[in-house]
Amino acid sequence: MGRIDHGPAGGSEGGQRAGDAAPTGTTGTTGTAGTAGAAGASGTADTAGAGGAVADDTGTDTGTDTGTDTVRSAAAGYWERRGMPTVPGQVAVAPGSSLLLLAVLAAQAGEDEEDEQAGEAGGALRTAAGRRTVPGPGAVFLPRPCSRRYARQARLLGRAVHTVPVPVECGGVPDPFALLEAVRRARTRGTAGRPGEPGGREQGPSGVLVLSVADDVTGTTVPPELLHEVCEAAAEEGLLLVSDETWRDTSHRPHDTVVVSPAEMLHGSAHADAVVVLTGLNPAGPVPLPPGAAAGAARFPATGRGARIGARTGEVLAALGAGLSRASAAAAAAALAESAEVRERRDAATRLHGARADALHRAVTAAGAVCRPPHVGRGVYADFEQLRSRLAARGIRDAPALEAELVRGLAGHRPPRAGDGPGGTGVLGGHRFGDDPHALRVRLATDLLAGARGPGHTPETEPAAFPEGADLLELPGAAQALTQVQSVLADLTDGSSH
C-alpha cells in the first residue's frame, strides 16, 4: 500500500503521528431526531416502528411524520439504482445526516455494551448524558481532514476520536497503513476496543471508521482500488464502516469518475454487515430542499447485525422524540425519487460547480499552492505549505492566519451563503476540518465565483441551466469574481511584507 502522505499535498501533520487525535473545528448542528425502529422479522433493519406524529410535552401535535414511509421507500429505490439492493425496512430517516450519525454511533455503542454488560441497551444514551468514554465500543476513526460534523457527534457520546492522515491521491478516507497503525496504537492506549487473547486478534467490533467516498471537503473521490485497501484494513481490525455518501451524485465528469460505495465493495463478503451508508438532504445540498427543510437517510445491511444496529438506531431516534416534518418528508421523498426534473436540476448544478471548482483549482495552483484536482462537490482544498517563507513575511504562519487573510481580501465581493466561513467569504482554514492548525491549508468554496448578485441570491436562484460546454465566465459576475480571487491570491503569495 505505502500511501502515507508526508508531503504538502496530503493530510499528514508535521510532528504529529498518524492516528493521534487532532483538533477539530466548530461544527454545525442538525435539527431534531427522526423515526424509530424495531427489528424486522425478515432480519433486516426495520425502522418503521414509531412513525406516528410527534407531540411535545404538552401533548400538542408538532406536525411531524406522516410521510416517513414514503421517504424510506424512496431511499430504498435511490440505493437500488446505485447497485445496493435495499428494502424500506433497511432504512432509517431523520431530519439530517448529522443526527443519523449520532444515532448510529450510539447504536453501535449499545451493541458492544450489550455484549459486555449482558443486555444493557440504554448504555449508549447514558454515555451521552454522563460524558464518559465507554470501553466497549472503542474509538471513532476519522480521515484528516474531514467534514466538521463527524467529530462532534462522536464526542457528544463520549467516544475517543482519532484522526488519520489521508493519502496523496484523495481525501475522504484514511491511508490504509496509517489506519492500521492508528487502531493498534489506540488499542494500546485502551480506547479502540476490547482486548483479545494474549498475542491474538481482538474479538468483536473495536470501533467505527467514518469515511466519505465523495469528499466535499477536498473535492475528490476515492479510487476503487484504494477504497478496497481501506475496507480490508477496517475489516481486519473489526471496525464498523459508516460511509457518508451525501455528495456521490455530484461528479463533475461522471463519465470519467467512478464512485463506489463500501457497501457495494463488501456485498456478498464475510464483512457485508460492517457498512452503514448515510446520505443527507438540505437547502444547500446537491438537490436543494426548500428553506427550513432537511432530511437524512441511513441504509443498514440486510443481515442480523444490520437489523440490530438499525433497530437500536431507531430506538435512539425515538428516545430523542421527533420525526421528519411533513414538509421535509415530502421534499426528501421527491428528491430521492429522482424525477427527470430533479435529475436535470442536480446535473445542471453539478456542471456549474464543477466549472467553478476547475477555475478555482487553476487560480490556486497558478499562485503556487498545491491542490488535488477537483472531481466532486463544491470546493477545493489548497495547500500553501511550499509558500511558507513568503507567507511568513506577512505574518501568516498557520491555518487560522491564512484563513483570516483570505477573508480580509475576499470579504464583501458577494453575499453570504450556507457553509460560508467567517465574513461570508466561503473560506475555511484546514483547522476547521480537523487538520493540523499549523499547516497552511484552506478550503475555498465554489460559491466564491458566484459573483455579487444582490442580497437575495441563494442556492435556489442559481442558473437553472448550465449546459455541457457552457462558459462559466459568461455568467453574470463570474469573471469579476474570478479576477478578485486571482488578485487576492497573487497579492498573498508575492513575497512582500505589506
Side-chain angles (χ1 to χ4, degrees), residues 78-79 81-83 97 147 170-172 212-223 243-261 277-290 295-297 331-332 334-363 371-381 417-420 426 443-451 453 457-478 481-482:
Y78 171 88
W79 278 309
R81 291 189 293 275
R82 283 151 184 81
S97 57
S147 172
C170 64
S212 178
V213 291
D215 183 39
D216 187 54
V217 174
T218 61
T220 60
T221 58
V222 184
S243 180
D244 182 355
E245 300 180 11
T246 297
W247 296 94
R248 71 167 291 161
D249 299 316
T250 62
S251 294
H252 303 161
R253 289 166 288 276
H255 299 298
D256 301 327
T257 305
V258 177
V259 179
V260 179
S261 171
V277 179
L278 302 182
T279 191
L281 303 102
N282 58 67
V287 180
L289 299 189
L336 291 167
E338 298 182 297
S339 66
E341 179 183 356
V342 166
R343 293 196 306 272
E344 289 170 6
R345 185 179 179 189
R346 182 184 65 208
D347 293 347
T350 295
R351 286 191 295 270
L352 175 60
H353 285 281
R356 290 172 178 168
D358 287 342
L360 278 177
H361 180 259
R362 290 191 294 270
C371 184
R372 298 178 183 88
H375 295 288
V376 73
R378 300 182 176 180
V380 298
Y381 198 73
R417 296 180 181 84
D420 275 352
R443 182 184 186 272
L444 304 177
T446 53
D447 276 342
L448 279 168
L449 302 186
R453 283 180 262 162
H457 182 78
T458 69
E460 290 75 34
T461 61
E462 291 282 21
F466 191 75
E468 295 277 0
D471 186 353
L472 172 68
L473 300 184
E474 291 181 359
L475 295 178
L482 178 58

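Position 1 is the first residue of the sequence; numbering continues from there.
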Practice task
Measure the spacing between CZ of R378 and CG of L448 and express it to the nearest 0.5 Å.
Solution key: 14.0 Å
Handout entry: Rounded distance [0.5 Å steps], NE2 in H252 versus CG in L352
Key = 10.0 Å
Problem - Any side-chain heavy-atom pair of R443 and D216 under 4.5 Å - result: yes
Exercise for the section: Provide the closest heavy-atom pair for L281 versus A335 in the form atom of the first, atom of the second, distance. Expected result: CD2-CB, 3.4 Å
Problem - Verdict with supporting geometry, N282 and L289, side-chain contact (heavy atoms from CB on, under 4.5 Å) - result: CA-CA 5 Å; N282 58 67; L289 299 189; 5.6 Å; no
Exercise for the section: With rounding to the nearest 0.5 Å, note down the distance linking CG in L482 to CZ in R362. Expected result: 8.0 Å
Fill in the blank from the handout: Taken to the nearest 0.5 Å, the spacing of L336 CG from E338 CD works out to 7.5 Å
Problem - For the student: nearest non-hydrogen atoms of A445 and L360, plus distance - result: O-CD1, 3.4 Å
Practice task
Compare every heavy atom of P283 with every heavy atom of P288, then report the nearest pair and how far apart it is.
Solution key: CB-O, 3.2 Å
Handout entry: Validation row: S97, T279 side chains within 4.5 angstrom (heavy atoms)
Key = no
Practice task
Answer whether the closest heavy-atom distance between the side chains of D249 and P286 falls below 4.5 Å.
Solution key: no
Completion exercise
In terms of heavy-atom contacts, S251 and P254 come closest through O-CD, 3.4 Å
Handout entry: Side-chain ion pair, R356 and D447, N-O less than 4.0 Å
Key = yes
Practice task
May I ask you to establish whether R82 and Y78 are in a cation-pi arrangement, using a distance under 6.0 Å from NZ or CZ to the six-membered ring centre and at most 45° from the ring axis?
Solution key: yes
Fill in the blank from the handout: OG1 of T446 to CG of L472, rounded to nearest 0.5 Å, is 10.0 Å
Practice task
Mind listing the closest non-hydrogen atom pair of V222 and S212 along with its distance?
Solution key: CG2-O, 4.0 Å
Practice task
Run the numbers on S339 and E341 for side chain to side chain donor-acceptor pair (under 3.5 Å), then give the verdict.
Solution key: CA-CA 5 Å; S339 66; E341 179 183 356; 5.1 Å; no
Practice task
Look up atom CZ in R248 and atom CG in D215, then write down how far apart they are to the nearest 0.5 Å.
Solution key: 14.5 Å
Fill in the blank from the handout: All heavy atoms of T218 vs all of Y381, minimum pair found to be CA-CB, 3.7 Å
Exercise for the section: Could you tell me whether the side chain of S243 and the main chain of S261 form a donor-acceptor pair under 3.5 Å? Expected result: no
